[in-house]
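First the structure, then my questions, so here it is.
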Amino acid sequence: MRKKQWISGVAGFLGSVLVVGQFGLPMQAIAQTTSPDEAPVDGAPSTGNGDLGITPDVIEECEILIVGGGISGVSAAYEALKMGRTVCMTELTDWVGGQLSSQGTSALDEARMQRQLLYFAAGYLDFRQRIQDKYGIRNPGDCWVSATCFIPGDAHNLLWEMLEEAEDEGDGELRAFPSTVIKDLEFNADGTIITAATAIQHTPAPDTPPLNTEPLSAFIEDAYRFEDSDRLSKTTIRFVPKPDEDGNLPNPSPWYVIEATETGEIVALSGVPYRLGLDARSPLNPSSPTETGDLYCTQGFTYTFAMERTAEPQVYEEPSFYQRYRPYYGYDPNPRLADMDVVFTYRRIWSELPRPEERVFGVSVPKPGDISMQNWVWGNDYRPGTSQDNLILTHDQLDAAGQLDPGGWLGGLRTETLQAGEELALGFFYWIVADDTDSQLGEGVKEPHPNHRFLYGFDSPMGTEHGLSKYPYIRESRRIVGRPAYGYPQGFAINEIDISWADFRDEYYRETLSPNAYRTLWLGLAGLDTTAAILNETPPDEIERRTRATIFPDSVGIAQYAIDFHPCMADYPAEAPGNIERPGVRQAHGRAYPGQIPLQALIPQQIDNLLVAGKNIAASYSAAAAYRVHSFEWSSGAAAGTTASFALSEGLFPYTLVDDLPRPEPELLALQQLLQANGNPTAFPNTSIFNLDWEDWAPW
């Protein structure tokens with residue numbers, strides 16, 4: 001087997017169906033009642049690095065450039081390698097796997113029936129099996145939030161093995177670049193094709209500590225600057241399309257770029273339209289708490305950490321910043337969760353056999369030596385939601401900061417907010433071991449629990465000297481606005497009513513929506529009766545609701561989880577005493593039907609050789625709250641990697657596979673058949689417009 005390694009530093013370089021509203025696409029009459037808001041970006045694409053005067057240290061040739069080595073980036077590379085492609089993959093951290101590894105959320109969020117049937121993409125199933133094979137048990141952590149909890153660093157190693165094997169199986173070539181960020185893009189004359197990308201790879205400067213000594217906020221801006229610093233040495237890489245054996249570039253696109261970053265960096269840098277934060281309330285997203293949208297209220301992000309249960313009490317010094325965040329910490333408004341054994345076992349990632357017979361929340365009680373990963377709403381979830389502290393900078397904020405100027409890109413995040421999230425996480429551990437306050441349940445509930453050790457060091461579960469995850473767990477990204485299409489004149493998106501199980505006859509919807517909007521909502525829910533309801537002017541209360549998700553004729557993957565929110569806080573700063581969650585955001589929170597990933601959600605406007613994966617797909621705020629978990633990211637990445645390879649082989653642009661919908665698209669059908677043949681389902685079992693019985697598929 002070819003043993004590929006991360007390439008570090010200069011030395012390393014020497015079934016389509018006819019659609020009529022009730023099938024897959026909302027009727028044009030429905031979509032026309034909505035607003036695009038939600039703040040699409042109007043800015044033109046970057047002018048590229050031609051004016052920067054930068055001479056790259058290295059030039060790398062690729063058929064597919066994947067930006068971001070998280071779950072969707074890995075799965076895109078996995079499929080493309082098996083199809084024989086030369087793949088370049090960049091990653092800000094030095095671990096592949098995102099949620100599974102560098103973000104520390106190594107507890108698989110899965111819907112109940114999907115897990116029971118093991119109905120996932122083949123690569124995701126392979127990964128799950130490798131976890132079981134490594135530990136000899138399905139749930140090495142004996143956690144109660146999931147059927148599979150494990151050590152994050154093991155995920156990186158197992159995923160790397162999978163990429164090596166995919167490379168050998170397909171005779172592809174993987175060129176992987178850790179600690180590497182994209183700095184600039186180049187385009188053709190009309191801005192429709194990415195022709196090159198400039199990247200910066202960093203390594204420790206001479207006589208400085210290893211990477212992962214400091215948390216992300218300490219070096220992230222430095223990582224995006226060309227110049228060497230006292231801390232980092234830089235290598236500049238220029239990625240370009242790979243010619244064929246005759247020296248020719250493929251047509252119509254010389255290569256494909258897949259955006260798989262955690263916060264939609266390429267989405268922002270390329271200038272394609274996107275949405276961020278809360279959507280405006282509409283018949284397609286009727287649970288939104290705002291009529292105008294809110295760019296700054298995104299889901300909270302989390303720096304995870306690991307702690308060990310000890311036999312003896314431990315003593316820790318209060319962090320200098322602790323009092324700032326102390327008012328935020330609490331168990332949970334639900335008193336059933338007000339127990340440290342419950343919190344510890346929630347995401348316990350290691351518990352050696354044998355285990356105690358005594359139970360807590362259905363799993364064994366903690367014992368000394370057990371290790372827990374913390375990801376707790378009123379603990380280390382940081383949830384800013386105003387223009388003063390939002391993490392993912394908006395288009396206007398980026399423009400004002402000069403990050404959209406040639407050579408100005410610094411990652412698109414607010415560094416001060418990253419640092420606050422790091423401090424919040426470290427303070428949460430101190431709250432666990434030493435404090436007796438509780439922001440949710442008041443006095444007299446919380447007791448100090450000093451029998452815990454904070455795990456840090458390069459051999460710790462997070463692989464960092466500081467003990468926090470290498471990158472925060474990101475729940476929401478910049479979400480592209482898809483291309484205008486039949487039923488979507490303002491741009492394609494997956495919306496709340498496409499997947500939600502909610503009772504839309506609730507008084508909330510009658511009171512907050514206008515009569516016309518309420519009727520339009522129910523036309524969108526009418527399923528097979530949509531046309532009759534329109535022609536007969538059927539009143540909303542007489543329309544029978546479809547009890548399934550929207551069926552998309554261009555589906556290229558599957559996804560199911562609950563619509564699960566970690567809402568922003570109402571005021572600035574997020575940790576202020578007495579602050580509350582943004583009212584109304586949880587209105588959409590709840591069950592969701594098994595859904596699909598339409599190809600249109602992966603195709604941005606303006607740029608023809610760019611595909612997106614992971615949390616960057618075209619989805620509303622509510623839909624994205626369900627389309628964000630591990631198996632979805634894998635499925636979306638597999639779709640993007642397969643689509644890019646298919647487009648190269650067939651000599652076409654991906655948008656041409658869907659531009660004639662709802663008419664049949666033979667090449668789209670060929671792509672879907674290829675995905676399914678490779679073990680990547682495009683629909684759940686028994687999915688059809690006639691099957692309305694999904695009661696057994698409740699996600700929890």
Side-chain angles (χ1 to χ4, degrees), residues 66-78 89 91-111 114-115 120-121 123-128 130-131 141 143 145-160 162-163 216 259-264 298-306 346-347 349 373-377 380-382 391-392 421 425 461-464 468-477 557 559-562 564 566 613-617 624-638 640:
I66 300 173
V67 186
I71 298 177
S72 64
V74 166
S75 60
Y78 179 77
M89 181 172 67
E91 165 57 23
L92 172 60
T93 74
D94 57 355
W95 278 359
V96 296
Q99 286 191 57
L100 295 169
S101 57
S102 60
Q103 297 173 35
T105 45
S106 52
L108 300 180
D109 288 322
E110 297 170 344
Q114 188 178 12
R115 180 176 63 244
F120 299 103
Y124 182 81
L125 283 174
D126 187 2
F127 172 77
R128 290 175 95 259
R130 288 172 191 249
I131 288 289
C143 64
V145 73
S146 172
T148 309
C149 294
F150 49 88
I151 302 294
D154 291 336
H156 164 73
N157 293 328
L158 293 174
L159 291 169
W160 190 250
M162 291 177 63
L163 290 173
L216 181 64
E259 153 68 281
T261 66
E262 302 300 324
T263 59
T298 59
Q299 291 226 47
F301 69 94
T302 307
Y303 275 100
T304 59
F305 61 85
Y346 174 53
R347 292 177 181 270
I349 56 177
M373 173 265 291
Q374 289 302 310
N375 177 11
W376 192 254
V377 174
N380 49 339
D381 273 11
Y382 198 52
L391 174 66
I392 302 176
M462 299 301 167
T464 62
L468 300 178
S469 54
K470 296 172 187 250
Y471 196 89
Y473 171 38
I474 301 293
R475 294 182 178 84
E476 179 186 344
S477 179
Q560 191 194 10
Y561 198 62
D564 185 14
H566 292 233
K615 293 179 280 285
N616 305 308
I617 69 169
Y627 282 62
R628 66 173 174 85
V629 296
H630 306 78
S631 63
F632 150 72
E633 285 209 42
W634 192 285
S635 194
S636 69

Kindly indicate whether the side chain of I71, heavy atoms from C-beta on, has any atom under 4.5 Å from the side chain of Y124.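 Of all side-chain heavy-atom pairs linking Y124 with I71, none is under 4.5 Å.
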
Please enumerate all residues that pass side-chain contact (heavy atoms from CB on, under 4.5 Å) together with T302, with sequence neighbours excluded.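 Only T304, N375, N380, D381, Y473, R475 meet the side-chain contact (heavy atoms from CB on, under 4.5 Å) criterion with T302.
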
How long is the straight-line distance from CE of M162 back to CG of N157, given to the nearest 0.5 Å?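 Between N157 CG and M162 CE, I get 13.5 Å after rounding to 0.5 Å.
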
Donor-acceptor pair, side chain of H630 and main chain of T105, under 3.5 angstrom: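 Looks like yes, one N/O pair under 3.5 Å.
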
Would a 4.5 Å heavy-atom cut-off, applied to side chains only, mark P152 and W95 as touching?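 Of all side-chain heavy-atom pairs linking W95 with P152, at least one is under 4.5 Å.
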
Backbone of H566 reached by a side-chain donor or acceptor of Q299 within 3.5 Å: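 Yes, Q299 side chain to H566 backbone: donor-acceptor pair under 3.5 Å.
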
Counting distance only, does the side-chain N/O of N616 pair as donor-acceptor with the main-chain N or O of S477 below 3.5 Å?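 No.
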
Evaluate the ring planes of Y627 and F632, with Trp represented by its six-membered ring, and classify them as parallel (under 30°), tilted (30 to 60°) or perpendicular (over 60°).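 Correct class here is perpendicular.
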
Just by modelled atom types, is the R628 backbone N or O under 3.5 Å from a matching donor or acceptor in the Q99 side chain?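 Confirmed, Q99 side chain pairs with R628 backbone.
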
Ion pair present between K470 and E91, side-chain N to carboxylate O less than 4.0 angstrom?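 Result for this pair is no, no salt bridge flagged.
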
Taking the side chain as every heavy atom from C-beta outward, state whether L163 and M89 have any atom pair closer than 4.5 Å.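 SC-SC contact between L163 and M89 confirmed.
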
When you measure from the side chain of S146 to the backbone N and O of L108, does any donor-acceptor pair fall under 3.5 Å?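 Checking the backbone N and O of L108 against the side chain of S146, a donor-acceptor pair under 3.5 Å is found.
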
Can the ring centres of F127 and W634 be said to be less than 6.0 Å apart?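 Not under 6.0 Å, so no.
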
How far apart are the C-alpha atoms of L391 and I474, what are their side-chain angles, what is the distance that settles it, and do they pass the side-chain contact (heavy atoms from CB on, under 4.5 Å) test? CA-CA 10 Å; L391 174 66; I474 301 293; 4.0 Å; yes

Indicate yes or no for a side-chain donor-acceptor contact from S636 to the backbone of G614 under 3.5 Å, with no hydrogens or angles considered.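 Yes; judged by distance alone, with no hydrogens or angles, the pair exists.
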
Locate the shortest heavy-atom distance separating I66 from A77; write the atom from each residue and the value.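 Closest approach of I66 to A77, heavy atoms only: CD1-N, 3.4 Å.
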
Mind checking whether K615 and E262 have side chains closer than 4.5 Å, heavy atoms only?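 Contact flag for K615/E262 side chains = yes.
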
For a quick test of reading the model, state the closest non-hydrogen atom pair linking S106 to F150 and the distance between them.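 Heavy atoms of S106 and F150 come nearest at OG-O, 2.5 Å.
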
How would you list, by chain and number, every residue that makes a salt bridge (charged side-chain N to carboxylate O under 4.0 Å, His left out) with R130, sequence neighbours excluded?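 Salt bridge (charged side-chain N to carboxylate O under 4.0 Å, His left out) list for R130, sorted by chain: D126, E161, E165.
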
Closest contact, heavy atoms only, Q560 versus V629: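 Closest pair (atom of Q560, atom of V629, distance): O-CG2, 4.5 Å.
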
May I ask you to decide if the ring planes of W160 and H156 are parallel, tilted or perpendicular, using 30° and 60° as cut-offs?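 Because their plane-to-plane angle is under 30°, the rings of W160 and H156 count as parallel.
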
Just verifying a value: how many Å separate L100 CG and D154 CG, rounded to the nearest 0.5 Å?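 It comes to 11.5 Å.
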
Nearest non-hydrogen partners of S72 and A260, listed with the distance: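 Shortest heavy-atom separation between S72 and A260 comes out as OG-CB, 3.5 Å.
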
Hey, what do you get for CZ (F301) to CD (E476), rounding to the nearest 0.5 Å?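 Answer rounded to 0.5 Å: 13.0 Å.
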
Where S101 and V96 come nearest, the two heavy atoms and their spacing: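 Nearest pair, atom of S101 first, then V96: OG-O, 2.5 Å.
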
Closest approach of A107 to C149 (non-hydrogen atoms, all atoms of both residues):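 Between these two residues, the closest heavy atoms are CB-SG, 3.4 Å.
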
